[in-house]
Amino acid sequence: RFQRFYQESHTTPIQNMTMPLAYDAVMLLTEAIRRAGCTDRKQIRDALAAISGFEGATGSLVFNEDGDPRNKDVIIVCYEKGKTVPASVVQPSK
């Protein structure tokens, strides 16, 4: 969805993963609020914790019991002379 939406309103490709990740965060929160049926923080938190297999811009999101993503590597980058350089990849526990 995000890529199609982005391409409809922009002529340049997506430059980095910040935009799709932010989109996923907002859409996941929106889904949790919809499921909670209210704006109570505790109910939203519980609804968010219960979401599994959410289809976002970066793929399916599945979280472990600590709230960490099960299926998403964390890519650590360094900035050198104004450019990002991959430093390492961390795989979260399954």
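Just so it is clear, the model here is predicted, and its values are computed rather than measured.
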Does a side-chain heavy-atom distance below 4.5 Å link Met27 with Tyr23?
-> yes

For Cys78 and Ala87 the tightest heavy-atom approach is SG-CB, 3.7 Å

Please name all residues satisfying side-chain contact (heavy atoms from CB on, under 4.5 Å) with Val62, sequence neighbours left out, ordered by chain then number.
-> Ser52, Ser60, Arg70, Asn71

Students should find that the hydrophobic cluster of Ile44, defined by side-chain heavy atoms under 4.5 Å apart, otherwise consists of Leu29, Ile33

Residues at least two apart in sequence or cross-chain that pass salt bridge (Lys or Arg N to Asp or Glu O under 4.0 Å) with Arg45, listed by chain then number, are none

Taking the side chain as C-beta and beyond, is there a heavy-atom pair between Val89 and Ile76 under 4.5 Å?
-> no

Given side chain to side chain contact (heavy atoms under 4.5 Å, CB included), test Leu28 with Phe63 step by step and report yes or no.
-> CA-CA 12 Å; Leu28 196 58; Phe63 302 95; 3.6 Å; yes

Report the residues that fulfil salt bridge (Lys or Arg N to Asp or Glu O under 4.0 Å) with Arg34, sequence neighbours left out, ordered by chain and then residue number.
-> Glu31

Side chain Asn64, main chain Pro69, donor-acceptor under 3.5 Å = no

Sorted by chain and number, sequence neighbours left out, side-chain contact (heavy atoms from CB on, under 4.5 Å) with Asp40 holds for Cys38, Lys42, Gln43

Hydrophobic clusters join Ile, Leu, Val, Met, Phe, Trp and Tyr when side-chain heavy atoms are under 4.5 Å apart, directly or via other members; which others share one with Val85?
-> none

